[in-house]
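These figures come from a predicted structure and were not determined experimentally. Just so you know, these numbers use all the heavy atoms, side chains as well, and skip hydrogens, waters and symmetry mates.
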Amino acid sequence: MTGGRRRPSGRLLFGLYLVASGGVAVAAGVVAVARAAQHPRSAPPGRTSVELLAPPGQPIRAEADVFRTHAGVTAIPPGGERQRDAHPRTLARFRFLRAYPGAPPRIPHGFTADEFRTGACNTCHQRGGFSPRFDAYVPLTPHPEMPACLQCHVGRDEVTGVSLPSLDPSTVCRQCHAPGAARWAEALVDWRPMAWPSRAQPGQAGGVPSITHDLFFRGNCLACHSGPSAVAEIRTSHPERADCRQCHVLPDPTVNEFIRPIPGPRGRGEGS
Amino acid sequence: MTELNRRAFLKSAAVASAASVASTFVPAVAQQAPPEGTQGHLEELRWHRAPCHLCGVGCGLLIGVQNGRAVAARGDPDSPTGQGLGCVKGYHAVQTLYGRDRFTRAMIRRRGVLVAVPLAEALDLVSRRLRETLTQHGPEAVGVYGSQRWTIPDAYVAAKLFKGGLGTNNVETSARLHAGSARTGLETSFGLDGAIGCYEDIDQADVFVLWNVNLAETDPVLFSRMLARKRSNPAVRIVDLSTRTTRTSYPADESLLHLPQSELAIANAICHEIVARRWVRKDFVDQHVAFKRGKIQIGSEVPDGPLVEEAAAAATWDDYVTFLADYSPERVRGMSGVSPARLRWLASLYGDSSRKVMSFWGANVNGSIRGTWMNNLLYNIHLLTGKVATPGNSPFCVTGLSGLGSGVHDGGASADALPSGVTGNAEDRRRAAAIWKLPADAISSRPGHHPLGMFRALERGDLRFLWIQATNPMVSLPNLDRYRRAAATPDRFIVVSEAYPTPTTDVADVVLPAAMWIEREGIVANPERRVQHWDRLVEPPGDAASDAWHMVEVARRLGRGELFPWNRERHVEQIWEEYRRFHQAPASAVAPLAVLRAQPGVQWPFERGRATERRYNTLQDPSADPKRGAFDFYGHPDHRAWIWLRPYQPAAESPDRAYPFWLGTATVLEHSGTGTLTQRVPTLHRSIPQAYVEIHREDARALGVRSGERVRLVNRRGALELQARIDYRAQPPRGQVVVPTFDEGLLIERLTLDAGCPLSGQPETSKCAVRVERAGSGSGP
């Protein structure tokens, strides 16, 4: 596959199969409405506060129509159990894992030796759903077609890094009882990355926010902007609308405003 | 340090750079507040092209620059090298500029301690000591050891100063140390260095055979490209033929383990099978191939003096068939550990005329006492089957780091080379002297020291002044303790140009702060012969300047300024124009700077506005004469490629009763070279903070060792204690242990051997013998 090909966003049916394992979170319309009055706020430091549609990890009623199992059943049945998400994805956590806007995120969880060697990441990250192993909803990759995940996404060192529980018995104790700090005196980096985009404010009340990132590897909107594993602050209220880019456009910030050049005299009219 | 003020610089960079891609690529930020820590006016974020410098692929990147700092990196979708993809090193390459312990001032060692001084004072001292050494000991007592990470202009300035200005050929780089056999392999098989095919062959091949190269970690973007090729055509086959199981093995269709060194026999066995099954492309061989025997008893020592010169004796087809009789799959089974059935199957992939085959190999093949021979043997397979120089049929050597463009475009920075030609050829010397406006006899015909020879000369006292640039020999030289002692010998003067403190700067008498990568304009070439240019995108910190500029300053102080009449702002452009005069012949011509600026990399040979994708192919290569048929191997006087009769010979040091394990070394994805740059990136460092030893589960059990516990590796040269890892990133088979080389805190090269290929000078770092014991038990070293 050649890079640079923009993936069409908003395919008519997202084709995402959620596995309802061990209980499914509830998205009863009643519950959603009742909670609408109390949605939590999340404020990245120094920025405007953002109203969340739902607490992190809680599904949204509209998502029930979008995410279906391959048997056609809605994957978020009303009346089911709410799943406790021990690691809700917030914008702060999202940014913490990336060296700068657009950088590939670090892997925040441990994994078994087998998974590490074979890079079997898509087993979970292409399908999503709730992972009892990590007590969290699995974030979806917007680019499952790239198979060599570990080329760009690196993990914490499984012996000295603190991460979610690993199942490898030779490392589980050493999550906390590490045999000693890494030899290298951790060199500090004087790193001043560019600012994260502010949640793009629409030009008028009720207007539509623009896309704040390019679409290379990130053309699949629903993978990140919808679902219980979506970053809470950027979760869309209307995932059932299939063509995102009908309303949300991608402006080129280096282009100046349109200014029509003043035409010269036309040789008509009075005095010509 | 620069005449331009920052604002004017940013403007000129934005305007002058044809690589600023505003309209076709939208940066990642639409609206923003000023970044924390900056004040005042927020400059617009702009993206500029630059090749990554952290591995041997040479991916094209786009670097986001804002307020005079590099803040982000993306793959350049227009780059034919990376095709918009990067790897974790490339994405974090911008952070390598900003480690806090960066050298920003020149340092002089006074009473054992490095002390910051004005740059002019350090340059004065360097020049004075250089002049004194020349006067007292002559030109053979000085030398410069540069880097695969050098740009071509850096290398060219070094060659011009030392070879032209000072009359010594002691100019070498770490390219020879890590990829020397790749060069001599090509020179013996084809008469010329420089890859035959290109990365685009990956998109066309039907079969990939990986010869002991962990492509997933050494060249990740090429690995992804290979997987993409497989995904696009399910009939594609990937064979991982290796001494251990790695990340590369898992997506392969077949993973074949073989014993170290036996690849020599396996390659011959494949040729044996190709001949026996009549899979030989007879018409190709008759028209384009000659058979040669070389020197057989060349030993396993890299000579202190000049390298062994090959001598070719003609051989016939019948000689070759007789030679191959020793390498039937049945006979090779024992020494290789690969079954005859599997060897035959491998041969059938090469022999199948309907399938295009690409072979990859790298440091594990090259870093062997028979590295040159092994390169020849791999080319032999492709020559027997006629699978060379056409799309998808590609024997391809990856070389670890890209920067200097192999022995053709290394600027003249090898002991026996000039910017074009060799020091041993009178006509080449005259041409160089004429271009450099020097007397005809100014350039010495005596070859200089290769890298190991240079450090041995330092040890003996034949070399007294050594300038080391952008490389870390006090970590990367094999049999390291010997050369650490050499560097510590009194009455030697060592200058190190570097960006960060390393064990090499720890032995320096003077440290010059180096400008890195996008802090200076540069031109490099990658293994597929693609020359890439980048502008200076950010200013270097403090007094840092490019290696080339430091050498120019020293030259001026020595009164040789007339050789370097360049101005600081345009010196790269001026160097390139001068350099191109050495490469007028179409076989090595490079594109002019204007073309390099306009495109994300242009391959050489570049002739009449066209870049050459595949050499020796008369349809693609302007130097190939169509009257000779579909191919013209113009590197040799007989216009043929040569199949060399190369036998199997054992490694310099194999396991024995005292030291029963093979020790190998390895590259990891996250780190480049000895980790000088990549260790300073938090994401990369935390991902793999220290080296370890990979050991098989059963071997560990026999030693009573569990994963994470410490073991000691002991051999004839030293001992090292480190952490064992079982079933971690890669698994060696029983009887082998492997240690990655990125960690300056765990100097594995203290245990490796400085035996090597006598033809190339590249040491055998891929294998030696050790004993493994639990730490805290057993005897000492």
Going through the distances and angles, do B/Leu85 and A/Met146 end up as a side chain to side chain contact (heavy atoms under 4.5 Å, CB included)? CA-CA 10 Å; B/Leu85 196 55; A/Met146 303 302 299; 3.7 Å; yes

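Both the backbone and the side chain of B/Ala72 come within less than 4.5 Å of a heavy atom of chain A. Both the backbone and the side chain of B/Ala73 come within contact range of chain A, each with at least one heavy atom under 4.5 Å from a heavy atom of that chain.
Ionic pairing of A/Asp190 and B/Arg102 is not present here: no N-O contact between side-chain nitrogen and carboxylate oxygen is shorter than 4.0 angstrom.
Residues B/Leu227 and A/Pro147 share a closest heavy-atom pair of CD1-CG, 3.7 Å. Nearest approach of B/Arg74 to A/Phe216, heavy atoms of both residues: NH2-O, 4.4 Å. Across all their heavy atoms, A/Ala148 and B/Ser224 have their closest contact at CB-OG, 3.6 Å. For the residue pair B/Leu669 and A/Leu150, the shortest heavy atom distance occurs at CD2-O, 2.8 Å.
B/Tyr91 places no side-chain N or O within 3.5 Å of a backbone atom of A/His153 that could act as its donor or acceptor partner. Using modelled atom types, one side-chain atom of A/Gln151 and one backbone atom of B/Gly86 make a donor-acceptor pair closer than 3.5 Å. Although no hydrogens or angles enter the test, the distance criterion places a donor-acceptor pair under 3.5 Å between the side chain of B/Arg231 and the main chain of A/Glu145.
Most heavy-atom pairs under 4.5 Å with chain A: of the set B/Asp203, B/Val94, B/Thr96, this distinction falls to B/Val94.
Rounded to the nearest 0.5 Å, atoms CZ (A/Arg106) and OG (B/Ser687) are 10.0 Å apart. Distance check, rounded to the nearest 0.5 Å: CZ of B/Arg69 to CZ of A/Arg192 gives 4.0 Å.
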